[in-house]
Visitor: 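Here's a structure for you.
In what follows, chains carry the letters A, B, and so on, assigned in the order in which the sequence lines appear, proteins first and then strands, with residues in each chain numbered from 1.
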Number of protein chains: 2
Amino acid sequence: MTETDTADWSDRKRGAGAKLVYDTLRDEILDLVLAPGEPVDEAGLAERFSMSRTPVREALVRLAGEGLVTMLPNRSTVVAQIDYPNLSAFFDALTLMYRVTTRLAAEFHTPADLAAIRLRQEVFSRAVLAGDTAAMITCNRDFHAAIAEAGRNSYYLQLFLRLLDEGRRILRLYYYPRFEARLPHPYILEHEAIIAAVEARDIDLCDRLAREHADQIVRQIQEMIASDRRQHIAL
Amino acid sequence: MTETDTADWSDRKRGAGAKLVYDTLRDEILDLVLAPGEPVDEAGLAERFSMSRTPVREALVRLAGEGLVTMLPNRSTVVAQIDYPNLSAFFDALTLMYRVTTRLAAEFHTPADLAAIRLRQEVFSRAVLAGDTAAMITCNRDFHAAIAEAGRNSYYLQLFLRLLDEGRRILRLYYYPRFEARLPHPYILEHEAIIAAVEARDIDLCDRLAREHADQIVRQIQEMIASDRRQHIAL
DNA sequence: CGAAAAATTCTTGTCGACAAACTTAATGCA
DNA sequence: TGCATTAAGTTTGTCGACAAGAATTTTTCG
C-alpha cells in the first residue's frame, strides 16, 4: 500500500478498470483513509488511476449500492457517514448474524470449513500477539466470515459481511486508539470455545457462545463511544 | 403497462434516465416479463428507452449489485437464474426475517405505522376478494414491508425486501397458476392476528405468529414446487 | 462431406467531448 | 456595509465513437 500514489496501471486487462477502482476505494473507505463525508471526485480518481471517468463511475455506482458512498444527484459523491442514530439497529442485526451464522456452521460445516476457520483463528492470534490492532480488526472479521461461509447461507453471509465491514469503520474510529495488548486476549479464548462448539455440532451452545461474544463486543464498542463522547464534552 | 412499447421518454430530467431503466427492468424481472437466463442487450435497451448506453449500463450495474442480473465479462448480461440449490437457505432467511421484523414492530411501532399496516391489509384483502393473484403477491409483500418499517431496522428491512422480491419471482412461477379463491383466505385471518399482536406489543406472540405464518407460506411453496417437479417428471 | 482455420459480425468496455446543473466569485443596488 | 443578482468556473450526466474480445459465419483443406 506504499505505492498507491506512484503505481502505474497503464497495462491492465479489459474490464479490470472498474474492479480496481472499486476494490481500492472500498479498502480506503473501510480503513478510514477516506473520511466519512469526504467528497469523492470522479475526474480526480480518473486521473489517479489513469483511466477515463466511465469505469470510475461504475465503481462508484457499485459502492453506492452497498451504501459505502452516497451519490448526491448532480452534485458530488461523498463517503457515507456513519449512521449513529441507527447504531442500536446495527448492534441488533450484528448480534443476530453472529448467532445464526454460528448455529448454521455447527449444522452444515465440513472438515474443509473447520480447517479454514482454524487457519483464520491462527492468523487472528498472531495479530493479537503482535499487538497489531488494525490486523486484529480485519482478522476477526475474516474469522467470523469463515464461520458464516461454513453455514452455507448466502443471504446471512452477505448481510453479515456488510455489518462486519461497517463495524470495521467504527472500530477504527474508537477501538484503535485505546487498545491494550493483555494476553491471553479474551477474544482468543472465546473463538476457541466457538470452534469447539461448531466442531461438536452443538447448536444451542453455538448460539449461546455467539450471543455472549457479540454482546461483549457490542458492550465494548458502546463503552468506547460513551467515553469518547465524555472526552469530547470535556474538551 | 400497456404502453411500454410506444411510450416516449424523450423529455426527461437529467439523472432520471438510469433510474427509469432500473425501475422498469426491476419490475419486469420480478414479474417474470423477462425470464431468468434471458439475455439483456444494452444497445437494445438504449434504443427502447431512446437514450445512450451509458445510463442503461448504470442501471444494469445496480441491478447486478442486487443480484437481479448477472454481468458476464465481455459477454452478455443475463437475467439472474432462480437459485434452486439454495432454496432452503432462502426459506430459512425468509422465516427469520418474518420473525424479527414482526417482533421489532411490536416493540417500536407508532400509531402512524399501525395505520399504514392496516391500510396495506385493506388493500391485500381487496386483492384476495377480487381473486387477483398477481396483486395478492405484491400486496402481501407490501403488508410485511410495512411491518418491517415499523421495526425501525434498516438492515433487516433491506434483507427482507430482497427476500420478498426474490420470492415474488418464485410465487409467479408456481403459485399463480394454481390459486383458488376460497374465502375467508387464511392469510387474511393470520394477518389480522399479527396486527393485533403488534398493537398489543406482545413480542412473544408476534414471534410465534410470524413463524407460523412463514412456515405455512414456505410449506405451501415447497408443495407447489414438489408437485410441479412431479408433473415435469410425468411428462 | 466434415472439421479446422480464418474472416466477419456483434456486443461490450473504454474514451473524449459536450451540455446541464450546481458552486463560487464578482458585480450592482439599497 | 449587506444582500440579491449575475457571471464565471467546476463537476456531473449523457452522448457518439472506437477498439477489444467473443460468437457466428464463411472459407479452406483433408
Visitor: Mind calculating the distance between CE (B:M51) and C1' (C:dC18) to the nearest angstrom?
Guide: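 After rounding, the gap between these two atoms is 18 Å.
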Visitor: Quickly work out the A:L20 CG to C:dT14 P distance and round it to whole Å.
Guide: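 Value for this atom pair: 11 Å.
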Visitor: Are B:R26 and B:D165 ion-paired here, with the side-chain N under 4.0 Å from a carboxylate O?
Guide: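 Here B:R26 pairs with B:D165 in a salt bridge, since their nearest N and O are under 4.0 Å apart.
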Visitor: What is the distance, to the nearest angstrom, from the NZ atom on B:K13 to the C1' atom on D:dT14?
Guide: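 The distance from NZ of B:K13 to C1' of D:dT14 comes to 17 Å, rounded to the nearest Å.
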Visitor: Could you check whether A:A46 gets within reach of a base, just the sugar-phosphate, or nothing at all, counting any heavy atom under 4.0 Å?
Guide: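 It contacts nothing in the nucleic acid.
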Visitor: Listing time: all N or O pairs from protein to nucleotides 6-10 of chain C that are below 3.5 Å?
Guide:
none

Visitor: Of all the heavy-atom pairs spanning B:E149 and B:L157, show the shortest one and how long it is.
Guide: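 Here B:E149 and B:L157 meet closest at CG-CD2, 3.6 Å.
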Visitor: Just checking, B:R120 and B:F143: is the charged tip under 6.0 Å from the six-membered ring centre and within 45° of the axis?
Guide: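 Cation-pi check for B:R120 and B:F143: fails.
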Visitor: Heavy-atom count check: over 12 atoms from other residues, nucleotides or ligands less than 6.0 Å from B:E47 CD?
Guide: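 Open.
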Visitor: Can you confirm if the NZ or CZ of A:R152 lies within 45° of the ring axis of A:F108 and under 6.0 Å from the centre of its six-membered ring?
Guide: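 No, A:R152 and A:F108 do not form such a contact.
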Visitor: Please determine if a side-chain N or O atom of A:S52 lies less than 4.0 Å away from the OP1 or OP2 oxygen of C:dC15.
Guide: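 For A:S52, the contact criterion (side-chain N or O under 4.0 Å from OP1 or OP2 of C:dC15) is met.
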Visitor: Rounded off to whole Å, could you give me the CD-to-C1' distance for the B:E58 and C:dT14 pair?
Guide: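 Value for this atom pair: 16 Å.
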Visitor: Which atom pair, heavy atoms only, marks the closest approach of B:R169 to B:I29?
Guide: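 Between these two residues, the closest heavy atoms are CD-O, 3.4 Å.
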Visitor: Using whole Å, what does the distance between atom C1' of nucleotide C:dG16 and atom CD of A:E47 come to?
Guide: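 Checked: the CD to C1' distance equals 14 Å.
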Visitor: Is B:R172 salt-bridged to B:E166, going by a charged N under 4.0 Å from an acidic O?
Guide: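 Salt bridge: no.
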Visitor: Show the atom names and distances, to 0.1 Å, of all donor-acceptor pairs under 3.5 Å that link a side chain in residues 79-90 of chain A to residues at least two apart or in another chain.
Guide:
unit_1: A:D83; atom_1: OD2; unit_2: A:N86; atom_2: ND2; d: 2.9
unit_1: A:Y84; atom_1: OH; unit_2: A:Y174; atom_2: OH; d: 3.0

Visitor: Polar pairs (N or O, both sides) under 3.5 Å between protein and nucleotides 8-12 of chain D?
Guide:
unit_1: D:dT12; atom_1: OP2; unit_2: A:D41; atom_2: OD1; d: 3.2
unit_1: D:dT12; atom_1: O2; unit_2: B:R14; atom_2: NH2; d: 2.1

